[in-house]
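Remarks on the structure that follows.
So that the names make sense, note that chain A is the first sequence line, chain B the second, and so on, each numbered from 1.
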Amino acid sequence: MTDPASLSHLSDLPPEMLEFTILKSTTALAPRLGRVSLPGRKDILTPGFLGNTSRGAIPHISQDNFRKCVGLNGIYVPIEDFIEKMPHQTPPVFQINGSDPLRRFIALPKDRLLVLGARRNPPIPSPAANTNTEVALLTSVGFRSMSSEYYTAAARKLQPDIVVGLADIPFGQEAVGTRRKDKMSDRTETWMRDLIAKRNTIDKEESRYSIFAPILPIERDLQSWYLEHLVDDMADKIQGVGIYDSFLLDSLPEELHHLPRLSFDTPSSPQALLRQIDLGMDLFTVPFISDASDAGIALNFTFPAPRKFSDEPNSRQSLGIDMWQTEHALSMTTLTETCKCYACTKHHRAYIQHLLSAKEMLGWVLIQIHNHTILDSFFAGIRHSIENGTFEEDFTDFNAYYEPTLPEKTGQGPRVRGYQFKSADHGKPAKKNPKAFRQLNGEVKLHAIHGQQPNKKPEVGDMIDDAALVGLIDIEYMGPEIGVEGLDLKDHKA
Amino acid sequence: MAPVPMPSALTFELLGKCSVTKARAATLILPHGPVPLPIFMPVATQASLKGLTPEQLEDQGCKLCLNNTYHLGLKPGQATLDAIGGAHKFQSWPHNILTDSGGFQMVSLLKLAKVTEEGVQFLSPHDGTPMLLTPEHSISLQNSIGSDIIMQLDDVIATTSPDLARMTEAMERSVRWLDRCIQAHKYPERQNLFCIIQGGLDLDLRRRCTAEMVARGTPGIAIGGLSGGEEKDAYCKVVDTCTGLLPEKKPRYVMGVGYPEDLVVSVALGADMFDCVWPTRTARFGNAITHQGVLNLRNAAYAEDFGPIEDGCECICCRSQEIGGLGITRAYIYHVTAKETVGAHLLTMHNVYYQLNLMKRVREAIMEDRYPAFLRKFFRQLHDDKSKYPNWAVDALRGVGVDLMSD
């Protein structure tokens, strides 16, 4: 499947370039096994996932716990988390001297893969439109626009391992006209060329980032020029693709099939992940992990699913355990039976239930560690299944064994900041044939930038509570001299 | 009354005394292992230290932390604690736990609490029904928690109260309640009950209370009712007076104290144990404790400060990656504080480490009999100019033979 021509080009590149080895593959739209490797970094076996970070950390996982308790070999970092000081000031992260500034700033271990993109995953729609030269972002202090020039300069300065090219996607727009779609592919192509040109200015001795080209969430014929140019002019300059709509995997030009595919098509459930893997997706960020943790839901599924008991033909197992439920208050068992994570080996349900109900931050920490471990095992199971050639069967069994969506959230989560809004469609069944634009950004509609998240059930709405975020849930315990009013919160004012 | 011989579940090994001040270094052997004295005890109010795992707390060197009886009594509740087998098992903490009696929270959290001879009456924060916390309840709860050190229920009123009659009543009631606590205590062979000396800022009351309580022979002694907004001078006089009357071979715990200056002065006045929520609470607001004072890292001045939280600090955050740390910078704390819980976790670890390390260095200085020099250096680092030294500290230390102003 690998194009020999592109292989010879690869060998001309400096040795630190990313390599993707396809270990097993059958037809075009089928699950495949692979390995992403870069000298000095741990290999990532695919299908696999990257940690989805917020301001440089996986939510609730401090950097020491990342080393001790989470087995991730790579993370995804959006630049919009770092540049709120622009345009008036140079963001601090660009002022760090020496090599690998972003990695050092966020204290990421040297041997983990660092992937830089423009936007958080999933992104929050911006009221401002993208222009020919700029994309709209949401920083912690409000909406901003960032030029392609700025992004390429940032990529060069920050020295990530992989940079995902800027994509012109009007997030949040329900209907996009054909002319707008033409523009999308034109701009994306221009910005890709900018990124490649910038990399060419880096000295051979210096570390060079690998580039993942975005594949737009529009029909193939509407981005055909862009795709043609990707193949003709840029195929040997890019090391992977970022795919915004997994249903368009069949439109991916064959010349790009040898490249690793990073999904930006936010999966709402494990079944949605499996569906994408079934189409040949390789790498993911999995935002529903943190969503579940914030909701106090301990994920509980394995792949392949356990054997179904014949005496309960119609009952499906839940994908997670709502740890807010008081039924766990006396339970000395682990979150899930065979889990080897820190939370399951050292703690029990009763404690985690207590932490949630007492709104102690540690509750989210422990569930987050657990949920990442569950996903890690899930992906390992998937790879094993593909290797054994039983994936299709196992996928069918998984669908039959588990409920199609994650459990509804009942308890309160941590305070949600504007930039932390989540796609409201998590936990809902993946649509069979969604319109390209609808599934990009889910159903997020921002009614106002006042920090409230739209929620079906207002009474269990996200707690907008600084106290919860900073852990001051025992607020009544505070002296009068220190209060939430002492916090200078700049968010949402922009 | 004649001292009641009381079983004890601790051993107090006095290792050294300062030849100038009243400072002491010791090892306190508790049911869940030895702890060094003097000690600062971080407060894990609801069986969790603000976002840290027990392992992270242990990594900062902590071997003794606090839980609050009032909070654990509400959540998870006594029945759960009994069913699970106590707070150590509940929070997977293999080291020591100290619990307060719950009385302080009643008074400080619940405006409507009313104290009678029977106990503290208050309205349930859940449903507003009237409830009563008696000395017997408090001890029963602490027996269920299984903490290594338990505290008597005391009648706490603000030290600043001008009502001497009420103050006297509270002091005398605290003595009577101590007797009821001793009576109610089911496991004196595995949980150490500490008395709490009351008496406000009135030194005569404090002396009387100390004499009464020492006579009861509890394994350890606390000085309570302080740290409630009183003048620091008055605070120091109370601590100095009480420690002067206490037996040498028992640990002395001053409740609710945690500012570094207060700690080093109180140690010089002869106190051994301290607790305070301040270091961990202030961390959540972006405040880092350092030898140069408290830095608010949410200040934009630190946005581009790529040095460690504190130069030379050896906590996991401040140590560079080259020597096994994380290399967290002030700029990164600025970047995440109050935006991600991780910011609170990192600073909480630093602040707890700072407090424990401060006490470790205090202990070393006492053992090597150079505590006066340590005090001088401590204040010199904290204040660039002697004119900024707080008068109360200068006076208190002068009282125990250290003149900060002369060197």
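- Contact of His335(B) with chain A is made through backbone and side chain together, with heavy-atom distances under 4.5 Å.
- Phe105(A) and Phe306(B) make their closest contact through CE1-CE2, 4.1 Å (heavy atoms, listed as atom of the first residue, atom of the second, distance).
- Considering every non-hydrogen atom in both Ala107(A) and Ile328(B), the closest pair reads CB-CD1, 3.8 Å.
- In terms of heavy atoms, Arg104(A) sits closest to Gln321(B) at O-NE2, 4.1 Å.
- In this structure, Glu55(B) and Tyr342(A) have side chains that are in contact, with non-hydrogen atoms separated by less than 4.5 Å.
- In terms of heavy-atom pairs under 4.5 angstrom with chain A, the leader among Gly343(B), Ala303(B), Gly327(B) is Ala303(B).
- Between Phe90(B) and His348(A), the ring planes are tilted. Angles from 30° to 60° get that label.
- Under the 4.5 Å side-chain criterion, counting only non-hydrogen atoms from C-beta, Met349(B) is in contact with Asp64(A).
- Both the backbone and the side chain of Thr80(B) come within contact range of chain A, each with at least one heavy atom under 4.5 Å from a heavy atom of that chain.
- Neither the backbone nor the side chain of Leu74(B) comes within contact range of chain A, judged by heavy atoms closer than 4.5 Å.
- Contact of the Gln46(B) side chain with the His354(A) side chain is registered, since non-hydrogen atoms from C-beta on lie closer than 4.5 Å.
- Gln91(B) touches chain A through backbone and side chain together, each having a heavy atom under 4.5 Å away.
- Both the backbone and the side chain of Ile84(B) come within contact range of chain A, judged by heavy atoms closer than 4.5 Å.
- The shortest distance between side-chain heavy atoms of Leu362(A) and Thr53(B) falls below 4.5 Å.
- Residue Ser92(B) holds its OG atom at 4.5 Å from NE2 of His347(A), rounded to the nearest 0.5 Å.
- Taking each heavy atom of Ile58(A) and Val342(B) in turn, the nearest pair found is O-CG2, 3.9 Å.
- Here the side chains of Lys339(B) and Ser140(A) are in contact, with some heavy-atom distance below 4.5 Å.
- Highest contact tally toward chain A, considering only Ala83(B), Ala331(B), Gly77(B), is held by Ala331(B) [criterion: heavy-atom pairs under 4.5 Å].
- The contact between Asp59(B) and chain A is made entirely by side chain atoms (from C-beta outward), counting heavy-atom distances below 4.5 Å.
- For Ala47(B), the parts lying under 4.5 angstrom from a heavy atom of chain A are both the backbone and the side chain.
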Hey, can you pull the donor-acceptor pairs under 3.5 Å for the side chains in residues 86-102 of chain A, sequence neighbours left out?
from	atom 1	to	atom 2	distance (Å)
Gln95(A)	NE2	Thr90(A)	O	2.8
Gln95(A)	NE2	Glu304(B)	OE2	3.2
Asp100(A)	OD2	Arg103(A)	NE	3.0

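- Inter-residue side-chain proximity for Lys75(B) and Gln353(A) is flagged as unmet; no heavy-atom pair is nearer than 4.5 Å.
- Both the backbone and the side chain of Ile106(A) come within less than 4.5 Å of a heavy atom of chain B.
- Proximity to chain A (any heavy atom under 4.5 Å) is shown, for Leu326(B), by both the backbone and the side chain.
- For the atom pair CZ (Arg55(A)) and OH (Tyr332(B)), the distance works out to 8.5 Å, reported to the nearest 0.5 Å.
- The two residues Ser48(B) and Tyr351(A) come nearest to each other via the heavy atoms CB-OH, 3.6 Å.
- When all heavy atoms of Glu322(B) and Lys110(A) are compared, the closest pair comes out as OE2-NZ, 4.2 Å.
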